[in-house]
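Below you'll find the structure, written out as structure tokens, and then a few comments.
Numbers here are sequence positions counted from 1. Quick note: numbers below take in every heavy atom, side chains included, and nothing from hydrogens, waters or symmetry partners. A quick note: this is a predicted structure, and the numbers were derived from the prediction, not measured.
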Amino acid sequence: RGHHNLFTMNILGRTACFLILIIATNAQTAVLFGASGAVGCEVLKSLLVSSYFEEVILIGRKSYPKVDAIISENKERLSNVTVVTHSDLNGLDSYDGIERADACFIALGVGDVNKVTFQYWHSVEVDLIGTITRFCDKIQARSITLLSSIDADYESAKPFPVEEINADGQKPLGWVGSISIYHRVKGLEEKAVVENSKNIKHVRLFRPSTFVTQDYRYGLVDRIIFALHFFLDPIIPEIYHSVDVKLLGLAMVEDASAVLQSSSDGSNTFVANLTYKDYIRVAGEAFKEQQKANGDEL
């Protein structure tokens with residue numbers, strides 16, 4: 001009997017170790033850039049309740065109270081969240097604090113593009129995002145998800161001349177100036193991700209139209225646009241349908257987890273463009289359940 005008990009304990013011990021090894025091997029790590037933005041906050045919330053991503057790493061220039069608040073609300077995941085403050089994100093190429101990750105999410109960008117110079121806008125949404133992508137490639141991410149925009153097209157986006165980017169005496173672009181080149185800049189942003197994803201197998205380009213937030217971030221402009229979409233959404237082409245920012249953030253996370261679980265990496269990089277119908281497909285039901293649980297109106 002003693003030998004039998006010892007044998008049983010030995011088998012149970014090995015089984016437990018094997019299960020722990022499987023769990024450790026399958027633990028998925030997500031890296032998020034831009035957690036403080038409207039979409040980034042929702043991506044973070046979805047990552048913190050995800051059953052697939054167990055480790056979450058946030059990388060930004062500084063800490064933000066609203067990001068800290070979101071993390072503290074999910075106390076059971078506190079030990080699984082790492083916040084990395086890197087004052088110069090342009091120097092990420094030489095940062096060795098993270099060895100590997102499974103997925104990268106890029107939700108950063110310039111909020112008020114009408115209030116900045118073209119040089120600054122380009123430095124953030126093209127140059128910096130290229131740097132971030134190279135970093136994600138270095139840490140062996142298998143999937144990278146970019147928040148882009150409707151009508152952006154990396155294949156047709158023509159780079160701006162260096163002389164134009166670095167021209168002296170630049171002034172804020174204003175609404176007309178920023179709108180006139182908006183989709184071209186977004187296309188170059190996508191191109192920066194696609195071209196720097198040397199070993200990343202899945203490039204997911206999210207191209208939402210208007211994303212609707214609870215707050216009117218741009219005051220009267222948001223009020224007018226949101227009101228127009230209320231009447232236009234049923235009749236305009238589906239790709240231009242507005243999207244709730246909560247659905248968008250959830251879809252970005254659900255899509256990445258689905259791709260990583262169901263697709264073989266293969267030898268080539270697969271680039272996918274996702275619009276409103278895709279958000280509904282990958283996260284529509286989960287979003288409805290989430291809204292019901294929170295008592296929100298659908």
Side-chain angles (χ1 to χ4, degrees), residues 32-50 64-67 69-70 73 105-116 121 124-125 145-153 175 178-179 182-183 185-187 189-190 204-256 272-298:
L32 170 60
F33 297 87
S36 64
V39 178
C41 277
E42 298 304 326
V43 173
L44 174 57
K45 291 175 183 177
S46 295
L47 285 172
L48 291 177
V49 297
S50 170
Y64 292 88
K66 65 178 178 179
V67 173
I70 292 172
E73 289 173 2
F105 296 87
I106 305 176
L108 61 74
V110 177
D112 298 306
V113 294
N114 60 304
K115 298 180 180 179
V116 300
W121 187 18
V124 174
E125 299 210 10
T145 300
L146 172 71
L147 174 63
S148 182
S149 173
I150 193 68
D151 291 333
D153 182 9
W175 283 114
S178 57
I179 291 173
Y182 185 81
H183 293 111
V185 172
K186 286 297 182 179
E189 173 183 286
E190 293 184 349
R204 318 295 289 177
L205 305 177
F206 273 64
R207 295 174 172 175
S209 180
T210 301
F211 51 84
V212 179
T213 58
Q214 289 184 325
D215 300 325
Y216 296 109
R217 297 174 301 147
Y218 301 110
L220 183 60
V221 173
D222 271 359
R223 289 179 182 273
I224 294 173
I225 292 176
F226 293 175
L228 285 174
H229 269 286
F230 180 81
F231 295 102
L232 294 176
D233 279 346
I235 59 176
I236 59 178
E238 193 173 30
I239 61 171
Y240 296 108
H241 195 292
S242 65
V243 55
D244 189 302
V245 70
K246 296 178 181 179
L247 170 60
L248 182 57
L250 178 61
M252 291 172 72
V253 174
E254 291 292 308
D255 173 72
N273 310 318
L274 297 95
T275 57
Y276 181 75
K277 63 179 175 59
D278 299 300
Y279 315 151
I280 295 297
R281 173 178 55 82
V282 300
E285 290 303 316
F287 177 65
K288 288 181 181 178
E289 292 301 319
Q290 187 182 87
Q291 295 294 83
K292 289 179 181 178
N294 296 333
D296 296 333
E297 294 183 4
L298 296 176

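Rounded to the nearest 0.5 angstrom, R281 CZ and Y279 OH are separated by 11.0 Å. A distance of 10.0 Å separates CG in L228 from CD1 in I236, rounded to the nearest 0.5 Å.
Under the rule for a side chain to side chain donor-acceptor pair (under 3.5 Å), H183 has no partner lying at least two apart in sequence or in another chain. Partners of T145 under the side chain to side chain contact (heavy atoms under 4.5 Å, CB included) rule, at least two apart in sequence or in another chain, are F105, S143, R204, F206, M252, A256. S50 meets the side chain to side chain contact (heavy atoms under 4.5 Å, CB included) test with Y52, F53, V253; sequence neighbours excluded. Judged as a side chain to side chain donor-acceptor pair (under 3.5 Å), and not counting sequence neighbours, the contacts of E42 are K45. Checked against ring-ring contact (aromatic ring centres under 6.0 Å, His included), Y276 has the following partners two or more places apart in sequence or in another chain: H241. Residues satisfying the side chain to side chain contact (heavy atoms under 4.5 Å, CB included) criterion with N273, sequence neighbours excluded, are Y154, L205, R207, V271. Considering only residues two or more places apart in sequence or on other chains, Y240 meets the ring-ring contact (aromatic ring centres under 6.0 Å, His included) condition with none of them. Under the rule for a side chain to side chain contact (heavy atoms under 4.5 Å, CB included), the partners of V110 that lie at least two apart in sequence or sit in another chain are V113, V116, Y120, W121, V124, E125. R223 pairs by the side chain to side chain donor-acceptor pair (under 3.5 Å) definition with nothing, not counting sequence neighbours. Residues forming a side chain to side chain donor-acceptor pair (under 3.5 Å) with D244 (at least two apart in sequence, or on another chain): none.
Between L44 and L32, the closest side-chain pair of non-hydrogen atoms falls below 4.5 Å. Contact check for K246 versus S46: no side-chain heavy atoms found under the 4.5 Å cut-off. Contact annotation: the side chain of S148 approaches that of E189 to within less than 4.5 Å [non-hydrogen atoms, C-beta and beyond]. With a 4.5 Å cut-off on side-chain heavy atoms, V243 and V245 do not count as touching.
The main-chain N or O of W175 is found under 3.5 Å from a side-chain atom of S178 such that the two form a donor-acceptor pair. When atom types are taken as modelled, the side chain of D278 and the backbone of T275 share a donor-acceptor pair closer than 3.5 angstrom.
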Checklist entry - Going through the distances and angles, do L250 and V282 end up as a side-chain contact (heavy atoms from CB on, under 4.5 Å)? => result CA-CA 9 Å; L250 178 61; V282 300; over 6 Å; no
Checklist entry - Where do D233 and S242 land on the side chain to side chain donor-acceptor pair (under 3.5 Å) test, with the steps shown first? => result CA-CA 7 Å; D233 279 346; S242 65; 2.6 Å; yes
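For F226, the CZ atom counts as densely surrounded, since its 6.0 Å shell holds more than 12 non-hydrogen atoms of other residues, nucleotides or ligands.
Minimum interatomic distance between L147 and P208 (heavy atoms only, all atoms of both residues): CD1-CG, 3.9 Å.
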List the atom pairs, with distances to 0.1 Å, where a side-chain N or O of residues 33-41 and a protein N or O form a donor-acceptor pair under 3.5 Å, not counting sequence neighbours.
none

